Amino acid sequence: MKEKLRIHGGARLEGEVTASGGKNAALAILPAALLADSPSTIENIPDINDVRVILEMLRWLGAGVEFSNNTLVVDPRTIDKYNPPYELAGRMRASYYLAPVLLGIFGRAEVPLPGGCDIGARPIDQTLKGMRTLGAEVNTTGGVLSVSAPSLEGADIFLDMPSVGATVNSMLTAVSAGGSTNIHNAAKEPHIVDLANFLSSMGASVKGAGTDVIRIRGGRPLHGTNYTVVPDQIETGTLMIAAAATGGDVIINGAIPTHMEALSAKLLEMGVNVTTEDDCIHVRSNGVFRAVNVKTQAYPGFPTDLQQPLTALLTVARGTSMVNETIFEARFRFLDELRKMGADVNVVEAKTAIINGVEKLYGARVSATDLRAGAAMVIAALMADGTTDIDGIGYILRGYENFDGKLRSLGAMIERIEVTDDEF
Ligand code: UD1
(Lines give C-alpha, C1' and ligand atoms only; values in the text may rest on other atoms or scores of the structure.)
Protein backbone atom coordinates (compact mmCIF):
# COMPACT_ATOMS: atom_id res chain seq x y z
CA MET A 1 0.00 0.00 0.00
CA LYS A 2 1.40 3.37 -1.07
CA GLU A 3 0.81 6.37 1.13
CA LYS A 4 1.28 10.10 1.03
CA LEU A 5 1.06 12.76 3.70
CA ARG A 6 -1.64 15.40 3.53
CA ILE A 7 -1.00 18.49 5.61
CA HIS A 8 -3.34 21.41 6.14
CA GLY A 9 -1.02 24.29 6.97
CA GLY A 10 -1.36 26.96 9.59
CA ALA A 11 -1.84 24.97 12.81
CA ARG A 12 0.36 26.18 15.66
CA LEU A 13 2.32 23.36 17.35
CA GLU A 14 1.90 23.29 21.11
CA GLY A 15 2.64 20.85 23.89
CA GLU A 16 5.27 18.27 24.77
CA VAL A 17 6.88 15.53 22.72
CA THR A 18 9.64 13.02 23.43
CA ALA A 19 12.68 12.49 21.23
CA SER A 20 13.23 8.95 19.95
CA GLY A 21 16.52 7.07 20.05
CA GLY A 22 19.23 8.05 17.58
CA LYS A 23 18.96 6.54 14.10
CA ASN A 24 22.62 6.91 13.24
CA ALA A 25 23.69 5.68 16.68
CA ALA A 26 21.47 2.61 16.45
CA LEU A 27 22.68 1.78 12.95
CA ALA A 28 26.26 1.57 14.25
CA ILE A 29 25.46 -0.07 17.58
CA LEU A 30 23.31 -2.94 16.24
CA PRO A 31 26.11 -4.43 14.09
CA ALA A 32 28.57 -3.87 16.95
CA ALA A 33 26.44 -6.05 19.23
CA LEU A 34 27.44 -9.04 17.08
CA LEU A 35 30.99 -8.77 18.44
CA ALA A 36 29.91 -10.06 21.87
CA ASP A 37 30.07 -13.64 23.08
CA SER A 38 26.69 -13.33 24.81
CA PRO A 39 23.32 -11.56 24.30
CA SER A 40 22.80 -7.82 24.70
CA THR A 41 19.70 -5.85 25.60
CA ILE A 42 19.58 -2.48 23.88
CA GLU A 43 16.89 0.06 24.71
CA ASN A 44 15.63 3.24 23.05
CA ILE A 45 16.09 1.92 19.53
CA PRO A 46 13.95 3.95 17.13
CA ASP A 47 11.27 1.89 15.38
CA ILE A 48 12.07 3.07 11.85
CA ASN A 49 12.47 1.29 8.54
CA ASP A 50 16.29 1.55 8.51
CA VAL A 51 16.44 -0.26 11.86
CA ARG A 52 14.02 -2.93 10.59
CA VAL A 53 16.35 -3.57 7.63
CA ILE A 54 19.40 -3.97 9.89
CA LEU A 55 17.44 -6.34 12.13
CA GLU A 56 16.47 -8.42 9.10
CA MET A 57 20.14 -8.61 8.17
CA LEU A 58 21.15 -9.70 11.68
CA ARG A 59 18.49 -12.44 11.53
CA TRP A 60 19.65 -13.49 8.08
CA LEU A 61 23.22 -13.78 9.38
CA GLY A 62 21.92 -16.17 12.05
CA ALA A 63 21.61 -13.94 15.13
CA GLY A 64 18.73 -14.25 17.57
CA VAL A 65 16.70 -11.02 17.36
CA GLU A 66 13.70 -9.96 19.43
CA PHE A 67 12.49 -6.40 18.99
CA SER A 68 9.52 -4.82 20.71
CA ASN A 69 8.76 -1.53 22.48
CA ASN A 70 11.99 -0.01 21.18
CA THR A 71 14.01 -2.69 22.99
CA LEU A 72 16.18 -5.23 21.23
CA VAL A 73 17.52 -8.46 22.65
CA VAL A 74 20.19 -9.72 20.29
CA ASP A 75 22.00 -13.04 20.63
CA PRO A 76 25.05 -13.17 18.36
CA ARG A 77 26.18 -16.68 19.32
CA THR A 78 24.37 -18.37 16.42
CA ILE A 79 25.80 -16.23 13.62
CA ASP A 80 27.08 -18.42 10.81
CA LYS A 81 27.23 -16.22 7.69
CA TYR A 82 29.53 -13.43 6.56
CA ASN A 83 27.78 -12.28 3.35
CA PRO A 84 24.41 -10.50 3.67
CA PRO A 85 22.46 -10.49 0.38
CA TYR A 86 22.07 -7.46 -1.89
CA GLU A 87 18.28 -7.45 -1.41
CA LEU A 88 18.88 -6.44 2.21
CA ALA A 89 22.28 -4.74 2.28
CA GLY A 90 21.57 -2.68 -0.85
CA ARG A 91 18.64 -1.03 0.89
CA MET A 92 20.68 1.15 3.20
CA ARG A 93 24.04 2.76 3.39
CA ALA A 94 24.88 1.71 6.95
CA SER A 95 24.88 -1.99 5.89
CA TYR A 96 28.60 -1.61 5.34
CA TYR A 97 29.07 -1.31 9.13
CA LEU A 98 28.61 -5.09 9.09
CA ALA A 99 31.84 -5.54 7.10
CA PRO A 100 34.34 -4.81 9.92
CA VAL A 101 32.21 -6.74 12.41
CA LEU A 102 31.98 -9.89 10.27
CA LEU A 103 35.67 -9.48 9.40
CA GLY A 104 36.47 -9.59 13.12
CA ILE A 105 34.30 -12.65 13.69
CA PHE A 106 35.04 -14.75 10.57
CA GLY A 107 38.28 -13.23 9.21
CA ARG A 108 36.30 -12.30 6.10
CA ALA A 109 33.17 -10.48 5.00
CA GLU A 110 31.31 -9.74 1.78
CA VAL A 111 28.83 -6.89 1.97
CA PRO A 112 27.10 -5.32 -1.04
CA LEU A 113 28.04 -1.66 -1.24
CA PRO A 114 25.93 1.08 0.29
CA GLY A 115 22.53 2.19 -0.95
CA GLY A 116 20.67 4.84 1.03
CA CYS A 117 19.57 8.35 0.18
CA ASP A 118 20.67 9.82 -3.12
CA ILE A 119 22.26 12.98 -1.76
CA GLY A 120 25.31 13.04 -4.01
CA ALA A 121 28.59 11.14 -4.24
CA ARG A 122 29.24 9.11 -1.10
CA PRO A 123 32.76 7.72 -1.47
CA ILE A 124 34.05 5.12 1.00
CA ASP A 125 37.78 5.46 0.31
CA GLN A 126 38.48 6.42 3.95
CA THR A 127 36.74 3.29 5.21
CA LEU A 128 38.85 1.19 2.86
CA LYS A 129 42.01 2.98 3.99
CA GLY A 130 41.19 2.39 7.65
CA MET A 131 40.64 -1.32 7.16
CA ARG A 132 43.75 -1.71 5.00
CA THR A 133 45.84 0.12 7.60
CA LEU A 134 44.86 -2.51 10.16
CA GLY A 135 45.92 -5.32 7.83
CA ALA A 136 42.79 -6.25 5.86
CA GLU A 137 42.79 -7.08 2.17
CA VAL A 138 40.03 -5.02 0.64
CA ASN A 139 38.31 -5.32 -2.72
CA THR A 140 35.24 -3.56 -4.10
CA THR A 141 34.84 -5.14 -7.52
CA GLY A 142 31.32 -6.16 -8.54
CA GLY A 143 29.71 -3.69 -6.16
CA VAL A 144 30.59 -5.81 -3.14
CA LEU A 145 32.87 -4.79 -0.30
CA SER A 146 35.02 -7.91 0.21
CA VAL A 147 37.44 -7.88 3.10
CA SER A 148 39.64 -10.57 4.55
CA ALA A 149 42.44 -10.81 7.07
CA PRO A 150 43.88 -13.79 8.89
CA SER A 151 44.63 -11.35 11.71
CA LEU A 152 44.29 -7.60 12.26
CA GLU A 153 46.96 -5.45 13.91
CA GLY A 154 46.40 -2.06 15.55
CA ALA A 155 47.99 0.98 13.86
CA ASP A 156 47.59 4.74 13.34
CA ILE A 157 44.79 5.65 10.92
CA PHE A 158 44.81 9.19 9.51
CA LEU A 159 41.45 10.10 8.00
CA ASP A 160 41.52 12.77 5.26
CA MET A 161 38.28 14.22 6.63
CA PRO A 162 36.25 13.50 9.78
CA SER A 163 33.94 11.02 8.03
CA VAL A 164 31.28 9.46 10.24
CA GLY A 165 31.19 6.22 8.24
CA ALA A 166 34.97 5.83 8.12
CA THR A 167 35.27 6.56 11.85
CA VAL A 168 32.60 3.95 12.69
CA ASN A 169 34.19 1.35 10.42
CA SER A 170 37.68 2.05 11.76
CA MET A 171 36.42 1.71 15.34
CA LEU A 172 34.61 -1.53 14.55
CA THR A 173 37.71 -2.94 12.88
CA ALA A 174 40.06 -1.78 15.64
CA VAL A 175 38.20 -3.54 18.46
CA SER A 176 38.99 -6.87 16.80
CA ALA A 177 42.64 -5.99 16.08
CA GLY A 178 45.55 -6.87 18.32
CA GLY A 179 47.32 -3.92 19.98
CA SER A 180 46.47 -0.23 19.87
CA THR A 181 44.80 1.82 17.14
CA ASN A 182 44.67 5.59 17.03
CA ILE A 183 42.07 7.09 14.66
CA HIS A 184 43.24 10.61 13.83
CA ASN A 185 40.89 13.33 12.50
CA ALA A 186 37.99 11.24 13.73
CA ALA A 187 34.36 12.35 13.45
CA LYS A 188 33.00 13.77 16.72
CA GLU A 189 29.25 13.36 16.21
CA PRO A 190 27.12 12.26 19.19
CA HIS A 191 26.58 8.87 17.54
CA ILE A 192 30.34 8.29 17.47
CA VAL A 193 30.50 8.89 21.22
CA ASP A 194 27.49 6.62 21.68
CA LEU A 195 29.14 3.80 19.72
CA ALA A 196 32.28 4.24 21.85
CA ASN A 197 30.21 4.06 25.03
CA PHE A 198 28.44 0.96 23.77
CA LEU A 199 31.75 -0.76 22.90
CA SER A 200 33.15 0.20 26.31
CA SER A 201 30.09 -1.31 27.99
CA MET A 202 30.93 -4.55 26.12
CA GLY A 203 34.40 -4.49 27.70
CA ALA A 204 36.38 -2.77 24.92
CA SER A 205 38.94 -0.07 25.68
CA VAL A 206 37.90 3.01 23.70
CA LYS A 207 39.15 6.46 24.71
CA GLY A 208 38.88 9.92 23.22
CA ALA A 209 35.58 9.61 21.33
CA GLY A 210 34.22 13.13 20.83
CA THR A 211 37.75 14.47 20.26
CA ASP A 212 39.93 14.39 17.14
CA VAL A 213 41.74 11.20 18.17
CA ILE A 214 40.07 7.96 19.24
CA ARG A 215 42.36 5.43 20.91
CA ILE A 216 41.34 1.80 20.95
CA ARG A 217 43.08 -1.13 22.56
CA GLY A 218 41.74 -4.07 20.63
CA GLY A 219 41.02 -7.62 21.64
CA ARG A 220 37.96 -9.82 21.78
CA PRO A 221 35.93 -11.51 23.11
CA LEU A 222 33.66 -8.71 24.17
CA HIS A 223 30.68 -9.50 26.34
CA GLY A 224 26.96 -8.78 26.01
CA THR A 225 25.67 -5.64 27.68
CA ASN A 226 22.62 -3.59 28.67
CA TYR A 227 22.60 -0.26 26.93
CA THR A 228 20.33 2.69 26.12
CA VAL A 229 20.79 4.51 22.81
CA VAL A 230 21.33 8.27 22.89
CA PRO A 231 18.41 10.53 21.75
CA ASP A 232 18.27 11.42 18.08
CA GLN A 233 19.96 14.75 17.46
CA ILE A 234 18.43 15.20 14.02
CA GLU A 235 14.89 14.25 15.00
CA THR A 236 15.16 16.65 17.95
CA GLY A 237 16.37 19.40 15.63
CA THR A 238 13.62 18.73 13.11
CA LEU A 239 10.98 19.02 15.84
CA MET A 240 12.61 22.25 17.09
CA ILE A 241 12.43 23.74 13.59
CA ALA A 242 8.83 22.56 13.12
CA ALA A 243 7.85 24.18 16.42
CA ALA A 244 9.52 27.45 15.41
CA ALA A 245 8.03 27.33 11.90
CA THR A 246 4.45 27.29 13.18
CA GLY A 247 4.99 30.08 15.72
CA GLY A 248 4.60 27.32 18.28
CA ASP A 249 5.38 26.58 21.89
CA VAL A 250 6.85 23.08 22.24
CA ILE A 251 8.90 21.22 24.83
CA ILE A 252 11.01 18.34 23.53
CA ASN A 253 11.72 15.91 26.34
CA GLY A 254 14.46 13.31 26.49
CA ALA A 255 16.79 15.42 24.34
CA ILE A 256 20.41 16.37 24.95
CA PRO A 257 20.68 20.18 24.66
CA THR A 258 24.47 20.20 24.21
CA HIS A 259 24.05 18.16 21.00
CA MET A 260 21.78 20.87 19.65
CA GLU A 261 23.95 23.95 20.21
CA ALA A 262 24.65 24.74 16.55
CA LEU A 263 20.93 24.69 15.73
CA SER A 264 19.85 26.47 18.92
CA ALA A 265 22.32 29.28 18.15
CA LYS A 266 20.93 29.65 14.61
CA LEU A 267 17.32 29.68 15.82
CA LEU A 268 18.18 32.32 18.44
CA GLU A 269 19.84 34.39 15.71
CA MET A 270 16.59 34.11 13.72
CA GLY A 271 14.58 35.43 16.64
CA VAL A 272 13.26 32.13 18.02
CA ASN A 273 13.26 31.65 21.79
CA VAL A 274 15.14 28.46 22.77
CA THR A 275 15.70 27.54 26.40
CA THR A 276 17.06 24.30 27.81
CA GLU A 277 17.13 22.23 30.95
CA ASP A 278 19.01 19.00 31.66
CA ASP A 279 17.11 16.82 29.20
CA CYS A 280 14.55 19.06 27.60
CA ILE A 281 14.44 21.88 25.08
CA HIS A 282 11.71 24.53 25.00
CA VAL A 283 11.11 26.30 21.70
CA ARG A 284 8.82 29.33 21.47
CA SER A 285 8.32 31.50 18.44
CA ASN A 286 6.11 34.36 17.27
CA GLY A 287 6.38 33.16 13.68
CA VAL A 288 8.55 36.08 12.54
CA PHE A 289 12.11 35.19 11.53
CA ARG A 290 15.28 37.08 10.65
CA ALA A 291 17.29 35.81 7.66
CA VAL A 292 20.62 34.16 8.58
CA ASN A 293 23.57 32.54 6.85
CA VAL A 294 24.28 28.85 7.46
CA LYS A 295 27.26 26.69 6.62
CA THR A 296 27.12 22.93 7.15
CA GLN A 297 30.11 21.34 8.82
CA ALA A 298 31.13 18.22 10.72
CA TYR A 299 30.04 18.20 14.38
CA PRO A 300 30.08 20.46 16.37
CA GLY A 301 29.34 22.60 13.31
CA PHE A 302 25.87 22.94 11.82
CA PRO A 303 24.75 19.42 10.73
CA THR A 304 24.08 18.79 7.05
CA ASP A 305 21.13 16.62 8.12
CA LEU A 306 19.38 19.75 9.45
CA GLN A 307 20.25 21.96 6.50
CA GLN A 308 17.15 21.05 4.50
CA PRO A 309 14.68 21.47 7.39
CA LEU A 310 16.23 24.84 8.31
CA THR A 311 16.28 25.96 4.69
CA ALA A 312 12.52 25.33 4.56
CA LEU A 313 12.12 27.71 7.49
CA LEU A 314 14.41 30.32 5.91
CA THR A 315 12.07 30.58 2.90
CA VAL A 316 9.77 32.77 5.02
CA ALA A 317 12.45 34.68 6.96
CA ARG A 318 12.67 38.45 6.48
CA GLY A 319 15.54 39.25 4.16
CA THR A 320 18.04 37.15 2.25
CA SER A 321 19.74 34.06 3.68
CA MET A 322 22.75 32.23 2.28
CA VAL A 323 23.10 28.48 2.84
CA ASN A 324 26.46 26.87 2.17
CA GLU A 325 26.29 23.04 1.93
CA THR A 326 29.84 21.72 2.31
CA ILE A 327 29.12 18.02 2.99
CA PHE A 328 26.64 16.65 0.39
CA GLU A 329 26.28 18.75 -2.76
CA ALA A 330 23.01 17.12 -3.90
CA ARG A 331 21.17 18.30 -0.82
CA PHE A 332 19.82 21.27 -2.77
CA ARG A 333 17.74 19.16 -5.15
CA PHE A 334 14.73 19.56 -2.93
CA LEU A 335 14.70 23.31 -3.62
CA ASP A 336 12.68 22.50 -6.75
CA GLU A 337 9.95 21.17 -4.46
CA LEU A 338 10.07 24.26 -2.24
CA ARG A 339 9.70 26.45 -5.34
CA LYS A 340 6.43 24.68 -6.13
CA MET A 341 5.19 26.09 -2.82
CA GLY A 342 6.22 29.63 -3.70
CA ALA A 343 9.72 29.79 -2.22
CA ASP A 344 12.27 32.13 -3.83
CA VAL A 345 15.39 29.97 -3.76
CA ASN A 346 18.35 29.82 -6.13
CA VAL A 347 21.55 27.81 -6.21
CA VAL A 348 24.30 30.24 -7.22
CA GLU A 349 27.20 27.84 -7.11
CA ALA A 350 26.93 24.10 -6.61
CA LYS A 351 27.33 24.53 -2.86
CA THR A 352 25.52 27.79 -2.16
CA ALA A 353 21.82 28.61 -2.13
CA ILE A 354 20.39 32.09 -1.84
CA ILE A 355 17.00 32.31 -0.19
CA ASN A 356 14.94 35.46 -0.49
CA GLY A 357 12.30 35.29 2.19
CA VAL A 358 8.72 35.39 0.93
CA GLU A 359 5.60 36.44 2.83
CA LYS A 360 3.95 33.01 2.60
CA LEU A 361 4.27 29.51 1.20
CA TYR A 362 1.26 27.91 -0.47
CA GLY A 363 0.06 24.31 -0.40
CA ALA A 364 1.05 22.18 -3.41
CA ARG A 365 1.65 18.59 -4.52
CA VAL A 366 5.31 17.86 -3.77
CA SER A 367 7.68 14.95 -3.24
CA ALA A 368 10.09 13.92 -0.50
CA THR A 369 13.24 13.43 -2.58
CA ASP A 370 15.30 12.04 0.30
CA LEU A 371 14.95 11.53 4.05
CA ARG A 372 15.79 15.02 5.30
CA ALA A 373 14.25 16.67 2.24
CA GLY A 374 11.05 14.88 3.27
CA ALA A 375 11.26 16.43 6.74
CA ALA A 376 11.85 19.81 5.12
CA MET A 377 8.73 19.47 2.97
CA VAL A 378 6.69 18.61 6.06
CA ILE A 379 7.96 21.79 7.74
CA ALA A 380 7.17 23.86 4.66
CA ALA A 381 3.69 22.34 4.53
CA LEU A 382 3.04 23.09 8.21
CA MET A 383 3.73 26.79 7.51
CA ALA A 384 1.92 27.00 4.17
CA ASP A 385 -1.47 28.43 3.37
CA GLY A 386 -3.73 25.60 2.21
CA THR A 387 -3.17 21.89 1.76
CA THR A 388 0.04 20.12 0.75
CA ASP A 389 0.29 16.51 -0.40
CA ILE A 390 3.74 14.96 0.04
CA ASP A 391 4.66 11.87 -1.93
CA GLY A 392 7.65 9.60 -1.21
CA ILE A 393 6.97 9.26 2.51
CA GLY A 394 8.92 5.99 2.50
CA TYR A 395 12.00 8.19 2.80
CA ILE A 396 10.62 9.91 5.89
CA LEU A 397 9.68 6.60 7.53
CA ARG A 398 13.24 5.36 7.00
CA GLY A 399 14.50 7.75 9.61
CA TYR A 400 11.76 9.32 11.75
CA GLU A 401 9.78 7.25 14.24
CA ASN A 402 6.06 8.03 14.12
CA PHE A 403 6.82 11.46 12.65
CA ASP A 404 3.26 12.28 11.63
CA GLY A 405 1.89 10.91 14.91
CA LYS A 406 4.24 13.09 16.96
CA LEU A 407 3.34 16.20 14.97
CA ARG A 408 -0.37 15.36 15.24
CA SER A 409 -0.03 15.10 19.02
CA LEU A 410 1.27 18.69 18.97
CA GLY A 411 -1.73 19.91 16.99
CA ALA A 412 -0.55 19.57 13.38
CA MET A 413 -3.27 18.77 10.85
CA ILE A 414 -1.45 15.90 9.17
CA GLU A 415 -2.83 12.64 7.87
CA ARG A 416 -1.61 9.62 5.94
CA ILE A 417 -3.57 8.89 2.81
CA GLU A 418 -3.54 5.79 0.67
CA VAL A 419 -2.68 6.49 -2.96
CA THR A 420 -3.07 4.55 -6.16
CA ASP A 421 0.00 4.03 -8.33
CA ASP A 422 -1.08 6.46 -11.02
CA GLU A 423 -1.77 9.29 -8.60
CA PHE A 424 1.82 10.58 -8.55
C1 UD1 B 1 26.71 10.02 8.07
C2 UD1 B 1 25.24 9.99 8.44
C3 UD1 B 1 24.47 10.99 7.61
C4 UD1 B 1 25.09 12.38 7.73
C5 UD1 B 1 26.59 12.33 7.47
C6 UD1 B 1 27.28 13.66 7.78
C7 UD1 B 1 24.88 7.68 9.15
C8 UD1 B 1 24.28 6.37 8.84
N9 UD1 B 1 24.74 8.64 8.21
O10 UD1 B 1 26.81 9.67 6.69
O11 UD1 B 1 23.13 11.04 8.13
O12 UD1 B 1 24.50 13.24 6.78
O13 UD1 B 1 27.21 11.33 8.30
O14 UD1 B 1 27.05 14.02 9.09
O15 UD1 B 1 25.43 7.89 10.21
N16 UD1 B 1 33.78 11.27 2.42
C17 UD1 B 1 34.82 10.95 1.54
N18 UD1 B 1 35.37 9.70 1.62
C19 UD1 B 1 34.94 8.77 2.50
C20 UD1 B 1 33.90 9.11 3.39
C21 UD1 B 1 33.33 10.36 3.33
O22 UD1 B 1 35.21 11.77 0.71
O23 UD1 B 1 35.49 7.66 2.51
C24 UD1 B 1 33.16 12.62 2.39
C25 UD1 B 1 31.70 12.57 1.93
O26 UD1 B 1 31.57 12.66 0.54
C27 UD1 B 1 31.11 13.77 2.63
C28 UD1 B 1 31.93 13.84 3.94
O29 UD1 B 1 33.11 13.10 3.72
O30 UD1 B 1 31.35 14.94 1.90
C31 UD1 B 1 31.22 13.34 5.17
O32 UD1 B 1 30.70 12.05 4.92
P33 UD1 B 1 30.46 11.01 6.11
O34 UD1 B 1 30.67 11.69 7.41
O35 UD1 B 1 31.27 9.80 5.83
O36 UD1 B 1 28.92 10.67 5.96
P37 UD1 B 1 28.23 9.25 6.10
O38 UD1 B 1 28.94 8.41 7.09
O39 UD1 B 1 27.96 8.72 4.75
Side-chain angles (χ1 to χ4, degrees), residues 7-19 231-277 280-294 296 302-323 334 338 341-343 345 353 355-361 372-385 388 396 400 403-404 406-414:
I7 298 173
H8 305 286
R12 182 168 185 260
L13 299 191
E14 273 180 309
E16 300 193 21
V17 65
T18 301
D232 195 302
Q233 175 205 9
I234 305 303
E235 187 212 24
T236 302
T238 306
L239 292 168
M240 289 169 68
I241 297 168
T246 61
D249 184 343
V250 172
I251 293 174
I252 300 156
N253 293 310
I256 300 185
T258 49
H259 291 170
M260 305 312 309
E261 280 169 355
L263 174 65
S264 296
K266 262 314 145 197
L267 289 176
L268 286 167
E269 210 181 316
M270 291 177 72
V272 178
N273 193 313
V274 180
T275 52
T276 62
E277 280 173 39
C280 78
I281 300 176
H282 191 172
V283 178
R284 274 165 296 169
S285 150
N286 61 6
V288 179
F289 311 105
R290 281 189 288 274
V292 294
N293 296 335
V294 184
T296 62
F302 191 91
T304 172
D305 286 350
L306 288 175
Q307 178 266 108
Q308 291 152 308
L310 190 74
T311 296
L313 179 56
L314 290 175
T315 61
V316 297
R318 292 191 173 165
T320 298
S321 303
M322 189 167 73
V323 177
F334 82 119
L338 283 180
M341 299 179 71
V345 285
I355 296 134
N356 298 309
V358 293
E359 200 65 34
K360 272 254 157 244
L361 295 180
R372 307 303 172 187
M377 296 321 295
V378 170
I379 287 164
L382 290 172
M383 298 189 290
D385 260 7
T388 300
I396 301 175
Y400 288 95
F403 193 42
D404 49 326
K406 285 189 182 188
L407 291 171
R408 219 173 1 258
S409 76
L410 295 171
M413 292 186 284
I414 177 170

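These figures come from a predicted structure and were not determined experimentally. Heavy-atom basis, side chains included; hydrogens, waters and symmetry copies ignored.
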Pair up each side-chain donor or acceptor in residues 235-242 with any protein partner under 3.5 Å, not counting sequence neighbours, and list the distances.
unit_1: E235; atom_1: OE1; unit_2: S20; atom_2: N; d: 2.7
unit_1: E235; atom_1: OE2; unit_2: K406; atom_2: NZ; d: 2.6
unit_1: T236; atom_1: OG1; unit_2: D232; atom_2: O; d: 2.7
unit_1: T238; atom_1: OG1; unit_2: I234; atom_2: O; d: 2.7
unit_1: T238; atom_1: OG1; unit_2: Y400; atom_2: OH; d: 2.7

Using distance only, find each side-chain donor-acceptor pair of residues 374-384 under 3.5 Å and give its atom names and separation, not counting sequence neighbours.
none

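Atoms CG and OG, from D404 and S409 in turn, are 10.5 Å apart once rounded to the nearest 0.5 Å. Annotation: the span from S321 atom OG to K266 atom NZ amounts to 9.0 Å, rounded to 0.5 Å. If you take NZ on K360 and CE on M341, they are separated by 10.5 Å, rounding to the nearest 0.5 Å. Taking CG of L407 as the reference point, atom CD1 of I7 lies at 7.5 Å (rounded to 0.5 Å). Going from atom CG of L410 over to atom CZ of R12 covers 11.5 Å, rounded to the nearest 0.5 Å. With values rounded to the nearest 0.5 angstrom, I251 atom CD1 is found 12.0 Å from T276 atom OG1.
Nearest heavy atoms, L338 versus T311: CD1-CG2, 4.4 Å. For the pair Q233 and H259, the tightest heavy-atom approach, listed with the atom from each and the gap, is NE2-O, 3.4 Å. Contact record, L13 with G411: CD2-C, 4.3 Å, taken as the closest heavy-atom pair. Nearest approach of S285 to F289, heavy atoms of both residues: OG-CE2, 3.5 Å. Residue A412 comes nearest to A11 through the heavy atom pair CA-CB, 4.3 Å, listed as atom of the first residue, atom of the second, then distance.
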Step by step, work out the side chain to side chain contact (heavy atoms under 4.5 Å, CB included) result for T388 and L361.
CA-CA 10 Å; T388 300; L361 295 180; over 6 Å; no

Could you walk me through whether T320 and N356 pass the side-chain hydrogen bond (donor to acceptor under 3.5 Å, both in side chains) test, one step at a time?
CA-CA 4 Å; T320 298; N356 298 309; 2.9 Å; yes

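With respect to H282, the side-chain hydrogen bond (donor to acceptor under 3.5 Å, both in side chains) criterion is satisfied by exactly one of N273, N253, D249: D249.
Between the side chain of R290 and the backbone N or O of E269, at least one donor-acceptor pair lies under 3.5 Å.
Side-chain atoms of L310 and M270, non-hydrogen and from C-beta on, do get closer than 4.5 Å to each other. Within the 4.5 Å cutoff, the side chain of V294 has no heavy atoms near those of the Q307 side chain.
N293 meets the side-chain hydrogen bond (donor to acceptor under 3.5 Å, both in side chains) test with no other residue; sequence neighbours excluded.
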